[in-house]
Participant: 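Sharing a structure here in structure tokens format.
Computation of the quantities below employed the complete heavy-atom set of this structure, encompassing side-chain atoms and omitting hydrogens, waters and symmetry-equivalent molecules.
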Amino acid sequence: MLHLLTFLVEKLSLLSNFKLFESSWSDDADKERPTQRGPSPPLQRGDVLEVPRSLFTHYGIYLGDNKVAHLIPDILPVFTNDTKLISSVITNKRLILGCIYRCATVRVDTLEDFAYGSNIMVNHMDKMMKKQAFVNEDVAKRAEKLIGAIPYSLLWNNCEHFVTYCRYGYAASRQTEKFCECLKSIIRDQRSVIATGLLGMISIVSFGMAPLTTLPTILIPFTLWMAG
């Protein structure tokens, strides 16, 4: 039981420190530098912008004239082609339904609306990418070609994939990589088998022997054991 409690504390600590909203492309030296608020030095058309959100970092491509193209989940394009309606401010309900329905839109918003009061980092991922960035004008044109409805995947086609494709020619997401590494460490820890088995036994005691309680109690620990 002590080992199980230790395991749960370790994993909760891991998840609490797993902050996707911190820049996925930063190194230790960058973290020591204060981040400037707003666009300084002046932004150039084709720059990659990063702003922190509550659980992740949001990315966009600066198009000039105080406009930013960015990919964001949105359910509205499924029901209408009215560009004026789609360009309205996306509510949390629209965003969540877009995630569930796997639908997004590449839209253009003002720099202020994109930043939403957060600090802005510019071209921060350039020094971490193996491939050199395209010319800024080409980056902006690639982003403009993608404006409109687009399939969405939280892990495989998100805002970070959008900007890396536009700027470097291939889609990548360090946030996805970090998330998968976190899951992998949990799965590989054999104490996960004990934890899921114990939770399964509790569900059987609470709700009785039934396929919905018994099968997960057997299959989930077995799968984790084999994967570990």
Participant: Could you go through Tyr168 and Lys130, starting from their C-alpha distance and side-chain angles, then the distance that decides it, and tell me whether this counts as side chain to side chain contact (heavy atoms under 4.5 Å, CB included)?
Facilitator: CA-CA 9 Å; Tyr168 310 105; Lys130 296 179 181 178; over 6 Å; no

Participant: Rounded to the nearest 0.5 Å, what separates atom CD in Gln175 from atom NE2 in His161?
Facilitator: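 Here the rounded value is 9.5 Å.
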
Participant: Search all heavy atoms of Ala143 against all heavy atoms of Ala69 and return the closest pair with its distance.
Facilitator: CB-CB, 4.4 Å

Participant: Without hydrogens or angle criteria, can the side chains of Arg102 and Asn157 be said to hold a donor-acceptor pair below 3.5 Å?
Facilitator: no

Participant: Is any side-chain heavy atom of Val68 closer than 4.5 Å to a side-chain heavy atom of Asp109?
Facilitator: no

Participant: Can you see which heavy atom on Arg94 is nearest to which on Ser88, and at what distance?
Facilitator: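 Taking every non-hydrogen atom into account, NH1-OG, 3.1 Å.
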
Participant: Answer whether the closest heavy-atom distance between the side chains of Val163 and His70 falls below 4.5 Å.
Facilitator: no

Participant: Is Ile61 reachable from Val108 through a run of hydrophobic residues whose side-chain heavy atoms are each under 4.5 Å from the next?
Facilitator: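 Yes: a chain of side-chain contacts under 4.5 Å links Val108 to Ile61.
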
Participant: Please determine whether side chain to side chain contact (heavy atoms under 4.5 Å, CB included) holds for the pair Asn66 and Glu112, giving the CA-CA distance in whole Å, both sets of side-chain angles, and the decisive distance to 0.1 Å.
Facilitator: CA-CA 8 Å; Asn66 207 44; Glu112 291 76 18; 2.8 Å; yes

Participant: If you define the side chain from C-beta out and look only at heavy atoms, does anything of Arg107 sit under 4.5 Å from Ile90?
Facilitator: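 Sidechains of Ile90 and Arg107: in contact.
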
Participant: Please say yes or no: joined through hydrophobic side-chain contacts below 4.5 Å, possibly via intermediate residues, are Tyr101 and Phe79 part of one cluster?
Facilitator: yes

Participant: Are Phe134 and Leu71 co-members of a hydrophobic cluster defined by side-chain heavy atoms under 4.5 Å apart?
Facilitator: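 Cluster IDs for Leu71 and Phe134 match.
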
Participant: Short question: side chain of Thr213, backbone of Ser203 - any donor-acceptor pair under 3.5 Å?
Facilitator: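 Pair absent, no side-chain N/O of Thr213 close to backbone of Ser203.
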
Participant: Do you know which two heavy atoms are closest between Asp126 and Ala133, and how far apart they sit?
Facilitator: OD1-CB, 4.2 Å

Participant: Flag the pair Thr110 / Phe114 as yes when at least one side-chain heavy-atom distance between them is below 4.5 Å, and no otherwise.
Facilitator: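 Contact flag for Thr110/Phe114 side chains = no.
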
Participant: Take Asp74 and Leu95 through the side chain to side chain contact (heavy atoms under 4.5 Å, CB included) test and state the conclusion after the steps.
Facilitator: CA-CA 5 Å; Asp74 187 8; Leu95 189 147; over 6 Å; no

Participant: Honestly curious: do Ile96 and Ile86 fall in one hydrophobic cluster under the side-chain, below-4.5 Å linking rule?
Facilitator: no

Participant: Under the criterion side-chain contact (heavy atoms from CB on, under 4.5 Å), which of Asp65, Ile120, Leu63 is the partner of Leu111?
Facilitator: Ile120

Participant: How many angstroms lie between SG in Cys159 and OH in Tyr152, if you round to the nearest 0.5 Å?
Facilitator: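 Result: 7.0 Å between the selected atoms.
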
Participant: Would you say that Thr217 contacts Leu199 through its side chain, given a criterion of any heavy-atom pair below 4.5 Å between the two side chains?
Facilitator: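 Not touching, per the 4.5 Å side-chain cut-off.
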
Participant: Salt-bridged, Glu144 to Arg45, with N to O below 4.0 Å?
Facilitator: yes

Participant: Could you tell me whether Glu160 and Arg174 make a salt bridge, using a distance below 4.0 angstrom between a side-chain N and a carboxylate O?
Facilitator: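 Looking at Glu160 and Arg174, the cut-off is not met.
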
Participant: I want to check something: taking the side chain as every heavy atom from C-beta on, are Val51 and Thr57 in contact at a cut-off of under 4.5 Å?
Facilitator: no

Participant: Using the side chain to side chain contact (heavy atoms under 4.5 Å, CB included) rule, take Tyr59 and Leu49 through it: C-alpha gap first, then chi angles, then the decisive distance, then the call.
Facilitator: CA-CA 6 Å; Tyr59 295 84; Leu49 309 184; over 6 Å; no

Participant: Testing the basics here: between Leu154 and Asn158, what is the closest heavy-atom pair and its distance to 0.1 Å?
Facilitator: O-ND2, 2.9 Å

Participant: State whether the number of non-hydrogen atoms from other residues, nucleotides or ligands found under 6.0 Å of Tyr165 atom OH is greater than 12.
Facilitator: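 Check fails, neighbour count at 12 or below.
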
Participant: Mind checking whether Ile218 and Thr214 have side chains closer than 4.5 Å, heavy atoms only?
Facilitator: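 The answer is yes, as the side chains (C-beta and beyond) meet within the 4.5 Å cut-off.
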
Participant: Quick one, His58 with Tyr116, criterion ring pair (Phe, Tyr, Trp, His ring centres under 6.0 Å). Give me CA distance, side-chain angles, the key distance, then yes/no.
Facilitator: CA-CA 11 Å; His58 190 51; Tyr116 203 65; over 10 Å; no

Participant: Look at atom OH of Tyr170 and say whether more than 12 heavy atoms of other residues, nucleotides or ligands are closer to it than 6.0 Å.
Facilitator: yes

Participant: Using a 4.5 Å cut-off on heavy atoms from C-beta on, say whether the side chain of Glu50 contacts that of Met125.
Facilitator: yes

Participant: At what distance, to the nearest 0.5 angstrom, does OG1 of Thr196 lie from CG of Leu219?
Facilitator: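 Reported to 0.5 Å precision, the distance equals 11.0 Å.
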
Participant: Ignoring hydrogens, what is the shortest heavy-atom contact between Ala172 and Thr164? Give both atom names and the distance.
Facilitator: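 So the two residues come closest at N-OG1, 2.9 Å.
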
